[in-house]
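No hydrogens, no waters, no symmetry mates; every other heavy atom, side chains included, goes into these values. Chain letters run A, B, ... following the sequence lines, proteins first and then strands; every chain starts at 1.
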Amino acid sequence: MPYSAEINRSKPTAFFFLIDQSGSMDDPWGADGTKRKCDAVADAINRLLSNLVVRCAKGEDVRDYFQIGVLGYGGTVANGFGGALAGRQFVPVSEVANHPLRVEQRTRKEDDGAGGLIERTIRFPVWFEANASGATPMTGAIDTARGALKAWCELYPLSYPPVVINISDGEPTDGDPKPSGERLKEVGTNDGNALFFNIYISAQNKRPIEFPDTQIGLPDEFAQTLFEMSSVLPPRLCQEARKDGYNVTETSRGFSFNADLRALVQFLDIGTRTADLR
Amino acid sequence: MRLQALTENTPQTHATSGPRAWPDAVAYREAVQNPQTALADPLLRGAQVAGDRLGLPVAYSGRFAVVFRLHTTDGDWALRCFTQAGESALRKQRYQAVSDGLAGHQAFFVPFRYLEQGIKVGAHWFPAVAMRWAEGEPLGRWLDEHHDRPVALRRLCRALADLITTLERAGIAHGDWQHDNLLVSDDGRRVTLVDYDGVFVPALAGAPSPELGHPNYQHPARHPEQYAVGLDRFAHLVIQTALLALVRDPTLWRQFSDGECVLFKKADLQNPPRSAVFAAVGALGRDDATLAECASKLEAACASSTAAQALLDAGPVLPPAVLEAEKQSPDPERVRARDAAGVEDSKWWLVGGARAAPQSASTPALAAKLSPAANAPEFVTRLAHPETIAFEQTNLGTLRISLLARALIFGGLWAFTGHHGLVQFACLVSLLLVGVSFAAWPRKKIKTELRAAIAVLDERIDECRQRIADGHATLGLFSTTFSARNAAEFAAAELRHVPLAKAAPGQIGAPTLRRLQAAGVTTAADLIGRINALNLPPGEGAALTQWLDTHATQARHQYQQGVARRIVLEQNIADLEQAKERCRKERNNLEGEQQRYPDASFSLYLRKVLKVA
């Protein structure tokens, strides 16, 4: 049965994030428009990386169940990690844990349950920085990802297949990404083909669509392209999505349109929930 | 890495309005950074969360929960936060029943409290469990370090056998024996269980099991209705078989373990005939009856769910294999030298640098040791063995024949050629032959071994003596730096090194600082008990108190660590003394044997060869 390989230190799995950093990501996002799209996405990615780290943490020892890669594309395609991890394509999660770019002290105002707001300071590690400039070389990014994944799959042929998540807000400027997307999905391990999920962030005032199983109802052509490029959810991820309250069928794909930030983080979390980690 | 102060709204991933979304591990990790506001329990509110070098709380992630370590005034506690929703009321009932059922078993379980209002994430309270932090290494890590030390492994087998016997006698089952939930002391003598989500106590009989344990340790067909005492037997059998196999062959560890199992994995338990691990263990079982019995029991249990059920239904009596292993484990008061390479029971003092795999498993000496007359002189009894006698006969016989043959050949040659040199040559060769045979003479050989054993023991005793001296030196050095008699004295001394200037500008203003310094209050120690009398502006007074408290707690914590360290050092010395005593006793035994040893001189040998003795 595909997508059922055990994940452990000798058979890690990989997560690869493609993040749109084009100029349009500078626009405000969502109904309230208080945040820029690129900031929101950076926060979501950083929180997800924290999540992946904590999931592998057994005290000070972070077990290398995952290998993580981040690619930003805005004008050019570049590796998204910085600092000590700069220039590296796949980083084992233990190294991600030890080398954030910085740990920020963020204050958060929260409802104290008694009608007031209370301010708390928390430490928030940051690996990926928000950036927004240039065009959208998505096809180039997908091709680069494919190259990296192919090499990874050759090193770990028995592992659970890698998951690639692409976050973008608009049309690519370097051609039709579909053929590249299809080629990306052909790479894989013994346990199945790579999974390609897409998140379409849009400022349009349209109803959010999450894990659709049909093209009907998708707002524009680009959404349709991304939908077609997205892989169908394997059974386990289907279960996870259902557990979280999403209405999914067997043909639902890993695609999300116009989600708010909370849903974005949720999608990322579900997308990276692979086999039961012990 | 820089710390940046940013005032910014972080992603509200779990909306404060609307339905209560269950927090994930990161949400808990953020919440626990502020124990004063996020925790309700008074002991835990004032605690310091253990952090890594980036300042983030250290997290221990499991399937259903994430655990953080808190340093409190009552020692270290673990805070276990649930990452899966589950039914809260049911969970609370379970934990109450388990808490009552485990009362009185502090040897294996740590004290714990279920906190309904455990931790606050956002605007909502979520349940959590506070457990006293258990000392010891998780089994997986312990085996990484000790998998090639048979003595320690056998000790652990015995500890686990004790554990399961105690549990079953009390009608309790843990339900999730695995490498992360069994904490082993360094010497392998004590085991503590953690993670009580699946514990069975008699009060819970009839309910379904809340979880199914770790698949690498449980029967593949285990299902929730199986919830009774005896639940741990299968996992115990898996671990025990693995430990006994490692005693025979430590290389199995590198071969088969990947950090998520103890040699056996789910696939092996599902299909033993096609499992490489079972094959390897089976091969080792040919030389070890107990291992063979354990392995075959395990295989049988895997193969049929009725056998597994039988294991469960066998009542409070443990399978014989477990009791056998108990009988065979060595006297627990053995050498606990730090570099103790595990050695076979008969020559346990032969600790050396190389971690030799025990090959001399089936020597007659071992059998003699395990028999009831274990105190009979070992080397001397070997002389009486039919084997030894046979060897001696062969030795003497061969020598006689070759001497005779030589005499005939050289005699004949001499007769023909008249060469005198031949006679000398013949004598030389004969002498050599006799010498070689004499060395191979069993009686002589055993005597040489005896002498060598005594020499090794002497060396051992000297080494112990040296290390005891070193230990005393270390302890002495430590005592000069750590001489406080109680926590208060230590804290006062430490705080004398914390200048008041460190508190400003965060807690107090510059003018206040100057005023205090002028009044002679220059260090944190000077503040103890005097803050209220100093007439500080209100905000500063509170801030200063908190600052002082933080440092005082830290100092108290350091004191506890110091005390623990001293205890460890003293324990080390005590253990070495014990080891030295054992070595000395054994050496005296061997010395006695040497004196009682029958004559093994060359003249006797010659007389035997010539059949005149």
Decide if atom [atom1] of [X] counts as having more than 12 heavy atoms of other residues, nucleotides or ligands within a radius under 6.0 Å.
X	atom1	value
B/Q255	CD	yes
A/N247	CG	no
B/Q546	CD	no
B/R254	CZ	yes

Working for salt bridge (Lys or Arg N to Asp or Glu O under 4.0 Å), residues A/K58 and B/D180 = CA-CA 9 Å; A/K58 303 278 185 194; B/D180 278 333; 3.5 Å; yes
Under the side-chain contact (heavy atoms from CB on, under 4.5 Å) rule, collect the residues that match up with B/V58, sequence neighbours excluded.
->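 Expected list: A/E60, B/D52, B/Y60.
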How would you list, by chain and number, every residue that makes a side-chain contact (heavy atoms from CB on, under 4.5 Å) with B/D41, sequence neighbours excluded?
-> B/L43, B/L44, B/R113, B/L115
Are A/R120 and B/E30 within salt-bridge range, i.e. N to O under 4.0 Å?
-> no
Any Lys/Arg nitrogen of B/D24 or A/R47 sitting under 4.0 Å from an Asp/Glu carboxylate oxygen of the other?
-> yes
What is the distance from atom CD of B/E260 to atom OH of A/Y65, rounded to the nearest 0.5 Å?
->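 So the gap between those two atoms works out to 3.5 Å.
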Of all heavy-atom pairs between A/A97 and B/L54, which one has the smallest distance, and what is that distance?
->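 Looking at all heavy atoms of both residues, the shortest contact is O-CD1, 3.3 Å.
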Taking all heavy atoms of A/S50 and all of B/V26, pick out the closest pair and write down the distance.
-> C-CG2, 3.7 Å
Side chain B/D258, main chain A/N8, donor-acceptor under 3.5 Å = no
Is there a salt bridge (Lys or Arg N to Asp or Glu O under 4.0 Å) between A/E6 and B/K266 once you walk through the steps?
-> CA-CA 10 Å; A/E6 188 192 321; B/K266 178 171 161 185; over 6 Å; no
With side chains defined as the heavy atoms from C-beta onward, is the minimum distance between B/R141 and A/D61 less than 4.5 Å?
-> yes
Residue part contacting chain B, namely of A/S10, when any heavy atom lies under 4.5 Å = side chain
A/K243 versus chain B, heavy atoms under 4.5 Å apart: side chain, backbone, both or neither?
-> side chain
